[in-house]
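Report on the following structure.
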Amino acid sequence: MLFKQQAWLRQKLLVLGSLAVGSLLYLVARVGSLDRLQPICPIEGRFGARGQAEFPLRALQFKRGLLHEFRKGNASKEQVRLHDLVQQLPKAIIIGVRKGGTRALLEMLNLHPAVVKASQEIHFFDNDENYAKGIEWYRKKMPFSYPQQITIEKSPAYFITEEVPERIYKMNSSIKLLIIVREPTTRAISDYTQVLEGKERKNKTYYKFEKLAIDPNTCEVNTKYKAVRTSIYTKHLERWLKYFPIEQFHIVDGDRLIMEPLPELQLVEKFLNLPPRISQYNLYFNATRGFYCLRFNIIFNKCLAGSKGRIHPEVDPSVITKLRKFFHPFNQKFYQITGRTLNWP
């Protein structure tokens, strides 16, 4: 009888011990997942001043769950008020360029605990129908965040759309603007590759890149082709400079972000007056995917969608040479205006 009681007691202690260990592991993982959401240090400059109170961990312990409920539309107004969450207009926007790495940049900046990203491209300033809905419609498209955090959205069509600079200026004349660029010829081919994939998915035929990029009548670069026009960065930037000083722009090297992301992200942190928080721990190279993936904590990793890093079609080398020669003077002017020289052929 005594032996049976001892065996039963040992079994019960084993179960309780397993539960205790499981609870401890859950709490460790939970705290780790909240660390990236907590703005440990205050934000400098116009986003806040050093010396203000830090967020207590208790105030953030339900944040991940609450934000998930807000996205599903299940949270009450009382929960919003209780946890001091707001939908803020962005204090920084990634305005372009298409196929430059805007999604990668946004996801990587989201590693920072003081940054909250808009998951979808809003297309507010470049779409007349959306813009007519007003600034409150735009604000309500933003994610919930704490007042001390900054919201960032990205819509790469903003950079090349004529009406956008004035519209953004009217919303916030002191906003920070991020432009991520890649070597212009490579970017144009990447642009073509994305469109080509869409055509093939719909069983539609499409011209070869060479036929679109080169005018068959003149044998010169076809500046009417949108993929070429988008890569003339200086032409679009000059339109923006009519409204914003160059100090409000930061140029991100999209080619370097792919190969060596951390230095580029550290430059963006500095531009946004954010305390340095993104480290090499947050970035790891995925040999299978061929690019860097994100590590938020010990249990949560994320890679970009499979549509990123498409294999480019082979392009006639003479066409590549012609395009690079065409873009060269525009690139030199871009370097001069921005004060940043990039390693482009």
Side-chain angles (χ1 to χ4, degrees), residues 29 32-40 64 92-121 143 149-156 159 176-191 193-194 197 231 233 250-272 274-312 340-345:
S33 69
L34 289 167
D35 280 347
R36 84 166 200 88
L37 294 169
Q38 181 177 6
I40 299 170
R64 182 181 292 276
I93 300 178
I94 302 171
I95 59 174
V97 298
R98 173 181 161 93
K99 305 313 299 174
T102 57
R103 173 56 61 183
L105 177 60
L106 183 67
E107 295 293 343
M108 288 177 179
L109 288 178
N110 193 49
L111 289 164
H112 199 290
V115 171
V116 180
K117 69 178 176 71
S119 297
Q120 303 298 320
E121 293 180 9
Q149 294 175 306
I150 67 170
T151 298
I152 298 180
E153 77 125 320
K154 75 103 174 173
S155 293
F159 186 59
K176 302 260 188 174
L177 301 165
L178 294 162
I179 305 172
I180 180 167
V181 293
R182 295 185 67 193
E183 191 277 315
T185 301
T186 303
R187 194 222 63 82
I189 296 172
S190 182
D191 198 330
T193 304
Q194 177 169 294
E197 184 181 278
S231 285
Y233 305 136
H250 178 72
I251 306 302
V252 179
D253 184 343
D255 297 305
R256 191 184 183 204
L257 189 74
I258 295 170
M259 303 302 296
E260 194 181 2
L262 185 58
E264 285 299 312
L265 294 172
Q266 289 172 335
L267 290 173
V268 177
E269 283 180 323
K270 185 176 180 180
F271 172 70
L272 296 176
L274 294 171
R277 281 295 176 271
I278 302 173
S279 69
Q280 196 61 59
Y281 168 80
N282 300 119
L283 303 158
Y284 67 96
F285 187 77
N286 185 313
T288 303
R289 301 293 295 277
F291 48 79
Y292 278 85
C293 294
L294 316 179
R295 180 186 290 115
F296 291 89
N297 51 54
I298 58 174
I299 60 171
F300 180 38
N301 299 338
K302 180 178 182 178
C303 285
L304 297 180
S307 61
K308 304 301 178 184
R310 295 180 180 90
I311 298 175
H312 292 180
R340 181 159 195 190
T341 301
L342 301 170
N343 190 30
W344 295 340

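Count residues from 1 along the sequence.
Residues passing the side chain to side chain donor-acceptor pair (under 3.5 Å) test with R295: none are found, sequence neighbours excluded. Contacts of E121 classified as side chain to side chain donor-acceptor pair (under 3.5 Å), with partners at least two apart in sequence or in another chain: H123, K154. Legend: residues meeting side-chain contact (heavy atoms from CB on, under 4.5 Å) with Q120, ordered by chain and number and at least two apart, are absent. D191 is linked by a salt bridge (charged side-chain N to carboxylate O under 4.0 Å, His left out) to R98, R187, counting only residues two or more places apart in sequence or in another chain. The side chain to side chain donor-acceptor pair (under 3.5 Å) check on T151 picks up nothing, with sequence neighbours excluded. Every residue two or more places apart in sequence or in another chain that forms a side-chain contact (heavy atoms from CB on, under 4.5 Å) with T341 is listed here: Y335. Shown here are the salt bridge (charged side-chain N to carboxylate O under 4.0 Å, His left out) partners of K302, two or more places apart in sequence or in another chain: E107. For Y284, there are no ring-ring contact (aromatic ring centres under 6.0 Å, His included) partners, not counting sequence neighbours. Qualifying salt bridge (charged side-chain N to carboxylate O under 4.0 Å, His left out) partners for E183, counting only residues two or more places apart in sequence or in other chains: R324.
With rounding to the nearest 0.5 Å, the separation of SG in C303 from OH in Y292 is 12.5 Å. Here CD1 of I93 is found 11.5 Å from CG of L106. Values are rounded to the nearest 0.5 Å. The CD1 atom of I94 sits 10.5 Å away from atom NZ of K117, with the distance rounded to the nearest 0.5 Å. For the atom pair CD1 (I95) and CD1 (I180), the distance works out to 12.5 Å, reported to the nearest 0.5 Å. Separating the CG atom in L267 from the CZ atom in R340 is a distance of 6.0 Å, to the nearest 0.5 Å. Atoms CZ and CG, from R182 and L342 in turn, are 12.5 Å apart once rounded to the nearest 0.5 Å.
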Query raised in the report: Between I179 and L177, does a side-chain contact (heavy atoms from CB on, under 4.5 Å) hold up when you go through it step by step?
Result: CA-CA 7 Å; I179 305 172; L177 301 165; 5.5 Å; no

Query - Criterion side-chain contact (heavy atoms from CB on, under 4.5 Å) on K176 and I152, from CA distance to verdict - result: CA-CA 10 Å; K176 302 260 188 174; I152 298 180; over 6 Å; no

Requested in this report: Just do the side-chain contact (heavy atoms from CB on, under 4.5 Å) check on V97 and T102 with the steps written out, would you?
Outcome: CA-CA 7 Å; V97 298; T102 57; 6.0 Å; no

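The shortest side-chain heavy-atom distance between I150 and L274 falls under the 4.5 Å cut-off. You'll find the side chain of H250 reaches within 4.5 Å of the side chain of V268, heavy atoms only. Looking at N282 and L294, their side chains never come closer than 4.5 Å, going by heavy atoms from C-beta outward. Side-chain atoms of L283 and L111, non-hydrogen and from C-beta on, do get closer than 4.5 Å to each other. At a threshold of 4.5 Å between non-hydrogen side-chain atoms, the residues W344 and D255 count as touching. For the pair M108 and L257, the minimum side-chain heavy-atom distance is below 4.5 Å. For the pair L105 and L265, the minimum side-chain heavy-atom distance is below 4.5 Å. Annotation: side chain of L178 is in contact with side chain of L109 (closest heavy-atom distance under 4.5 Å).
Checking side-chain atoms of T193 against main-chain N and O of I189 turns up a donor-acceptor pair under 3.5 Å. A donor-acceptor pair is defined here as one N or O able to donate and one able to accept, closer than 3.5 Å; such a pair exists between the side chain of E269 and the backbone of R277.
The shortest heavy-atom contact between R256 and P263 is NH2-CB, 3.1 Å. A188 and S231 get closest at one heavy-atom pair: N-OG, 3.8 Å. In this structure, S190 and K99 approach most closely via the heavy-atom pair OG-CE, 3.3 Å.
Taking the six-membered ring where tryptophan is involved, the planes of F159 and Y233 are tilted, since the angle between them lies from 30° to 60°.
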